[in-house]
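Every chain is numbered from 1, with letters handed out A, B, ... down the list of sequences. In what follows, every heavy atom counts, from backbone to side chain, and hydrogens, waters and symmetry copies are set aside. Keep in mind that what you see is a predicted model, and the values were worked out from it rather than measured.
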Amino acid sequence: MTDVVCATKPSEGLIRIEQVWKRFGSTHVLRGAHINICRGETLVIIGESGCGKSVLLKHIIGLLRPDKGRVIFDHIEISATDETDLATVRRRFGMVFQLAALFDSMSVRENVAFGLYRHTNYSEDRISSIVTEKLRLVGLSGVESKMPSELSGGMRKRVGIARAIALDPEVILYDEPTTGLDPIMSDVINELILRVQRSQNTTSIVVTHDMKSAYKIGTRIAMLHKGKIIQVGTPEEIQNTTNPIVGQFIRGEARERIEESLA
Amino acid sequence: MNLWLTRLLRNAITAVTSLGSFARFVISTVDGVRAEPPQRRVIVPLMVEIGLKSVGVVLATGAFVGMVLAVQIYNQLHKMGAESTAGPIINLSIVSELGPVLAAIILAGRVGGAMAAELGTMKVTEQIDALRTLGADPVTYLVTPRFLSCLLLVPILTLYSDAIGVVGGYVMSVKFYAISEHYYWEQTRRFLEMWDVFVGIAKSLFFGGAIGLICCYKGFQAGQGAEGVGRATTNAFVAAFITILVSNFFMSLFFNTLYRVLHS
């Protein structure tokens with residue numbers, strides 16, 4: 001079991017999100033989100049669509065900067081680091097995007113090898129063998145020369161994961177990895193996340209609203225609601241929550257929300 | 001009144017902010033040439049797309065510009081009995097004004113629109129974010145090679161367009177309207193100077209850079225979804241089109257004044 005001491009001792013958190021506020025125009029997306037993420041854990045962030053889960057994830061890797069608050073990764077203040085230095089820090093991260101975000105104009109091999117070409121001086125042979133190994137880890141082989149447009153949704157997600165782990169990152173961020181996939185393919189992706197976690201011993205942060213996936217892969221689950229983390233706990237704690245908002249979400253109950261959406 | 005003033009102020013702030021953000025974009029793009037010269041495997045396919053695949057459309061434009069100029073100018077001069085001066089008028093217009101402007105406009109539509117749509121799609125599908133997470137600066141990686149390709153290839157394509165335009169003008173004037181071939185070229189040699197060719201190339205160099213920068217910038221600014229990409233593409237073409245026409249006017253004024261100063 002992963003040590004979750006860091007959750008209560010802020011100084012031990014690998015990633016610390018401290019009172020982060022973010023606004024787009026007049027919409028306040030994050031309103032003081034605060035959480036510590038421990039080394040080696042898989043933290044699943046759940047919450048309704050549009051509640052700011054992906055926005056929070058993008059703050060961790062510095063794709064977005066907070067209006068207020070700080071994001072700290074291993075004593076580096078991501079939120080105050082300039083773009084040039086961030087490029088070096090990002091080598092320690094891998095990110096899997098919601099729709100995979102594979103580069104359309106490049107083959108699968110070029111996509112997976114992209115980070116290797118940029119950050120290493122490896123020979124072509126070594127790069128090819130890493131690409132093959134990572135693709136095998138995500139259950140794909142013989143697709144190196146295919147273009148992203150020739151792949152199915154599930155295959156694209158897998159290539160996205162292979163690209164994210166190519167440089168053996170310390171932290172992997174998954175943005176809704178199972179959204180848009182059938183139940184079987186969703187479970188395949190869950191298994192892959194667990195496999196990557198075990199084989200590379202990474203810290204993972206997964207944003208999702210798929211509760212089945214959250215229970216399966218999460219060491220801890222955090223619920224984001226109206227821009228704040230309202231509860232953090234182990235999957236068992238979340239399942240037995242007394243918080244009515246968390247309870248409503250994990251059981252998927254509409255209650256008065258149907259009136260809201262019809263109004 | 002108050003509402004009107006608030007709106008004006010808000011628009012002014014937006015305009016200044018956009019200008020500032022475009023200026024930063026231009027600086028990053030140009031700095032990218034020094035910081036990370038584009039790799040061959042990135043820039044060669046772009047040059048094929050921007051340059052080689054545009055030759056046909058540029059040649060067609062150039063030929064018809066030359067021919068229509070000959071038709072118009074011959075008819076005007078014929079009324080005054082001065083057909084023999086058609087050569088320099090047609091060729092000067094092609095080389096220093098219409099050739100560069102029309103080639104740039106057609107390229108803004110073909111190349112600029114495609115670049116804005118491609119980068120806009122990359123933005124809305126998070127490919128630009130993905131580049132950043134993999135340690136690449138999107139402006140240096142995507143915009144710098146496109147900017148350099150446009151800067152180099154638009155003048156070359158303009159020269160093609162000029163050459164075929166001159167041929168088109170000649171064919172109409174000499175072969176169709178039977179203006180004396182000797183006078184046609186003799187007068188052209190007398191009045192068309194290397195300076196005019198230089199002005200045309202200088203203009204097209206500016207147009208090339210402007211098309212690359214404006215269209216890539218608009219692509220990067222694309223809003224969400226297919227609608228956002230569509231709007232970015234339209235905005236890119238309109239902004240490039242207007243920039244070409246307005247800057248051409250000022251560059252013509254500038255180069256004419258410079259010519260007079262140098263020859264006085």
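Proximity to chain A is absent for every atom of B/Q39, based on heavy atoms less than 4.5 angstrom apart. Neither the backbone nor the side chain of A/R91 comes within contact range of chain B; no heavy atoms are under 4.5 Å apart. If you measure heavy-atom distances from A/L63 to chain B, the contacts under 4.5 Å come from both the backbone and the side chain. Residue B/I128: no heavy atom, backbone or side chain, is found under 4.5 Å from chain A. Only the backbone of B/T125 comes within contact range of chain A, with at least one heavy atom under 4.5 Å from a heavy atom of that chain.
Side-chain contact between A/R65 and A/H59 is absent, with no heavy-atom pair separated by less than 4.5 Å. Taking the side chain as every heavy atom from C-beta outward, A/V20 and A/K68 never approach each other to under 4.5 Å.
Between B/E97 and B/K203 there is a salt bridge, with a side-chain nitrogen of the basic residue lying less than 4.0 Å from a carboxylate oxygen of the acidic one. Look at A/E124 and A/R109 and you find a salt bridge, because one of the NZ, NE, NH1 or NH2 atoms lies within 4.0 Å of a carboxylate O, short of that distance. Ion pairing between a basic and an acidic side chain is recognised when a charged N comes within 4.0 Å of a carboxylate O; A/D168 and A/K134 show such pairing.
Side-chain contact check for B/T133 and A/R90: no donor-acceptor pair (N or O, by modelled atom type) lies under 3.5 Å. The closest side-chain donor-acceptor pair between A/Y174 and A/T208, if any, does not fall under 3.5 angstrom.
Chain B forms the most heavy-atom pairs under 4.5 Å with one residue out of A/E83, A/R163, A/R118, and that residue is A/R118. Among A/F114, A/F97, A/F93, the residue making the largest number of heavy-atom pairs under 4.5 Å with chain B is A/F97. Each of A/T84, A/D104, A/L102 has some count of heavy-atom pairs under 4.5 Å with chain B, and the biggest count is that of A/D104. Chain A forms the most heavy-atom pairs under 4.5 Å with one residue out of B/E36, B/M122, B/E118, and that residue is B/E36.
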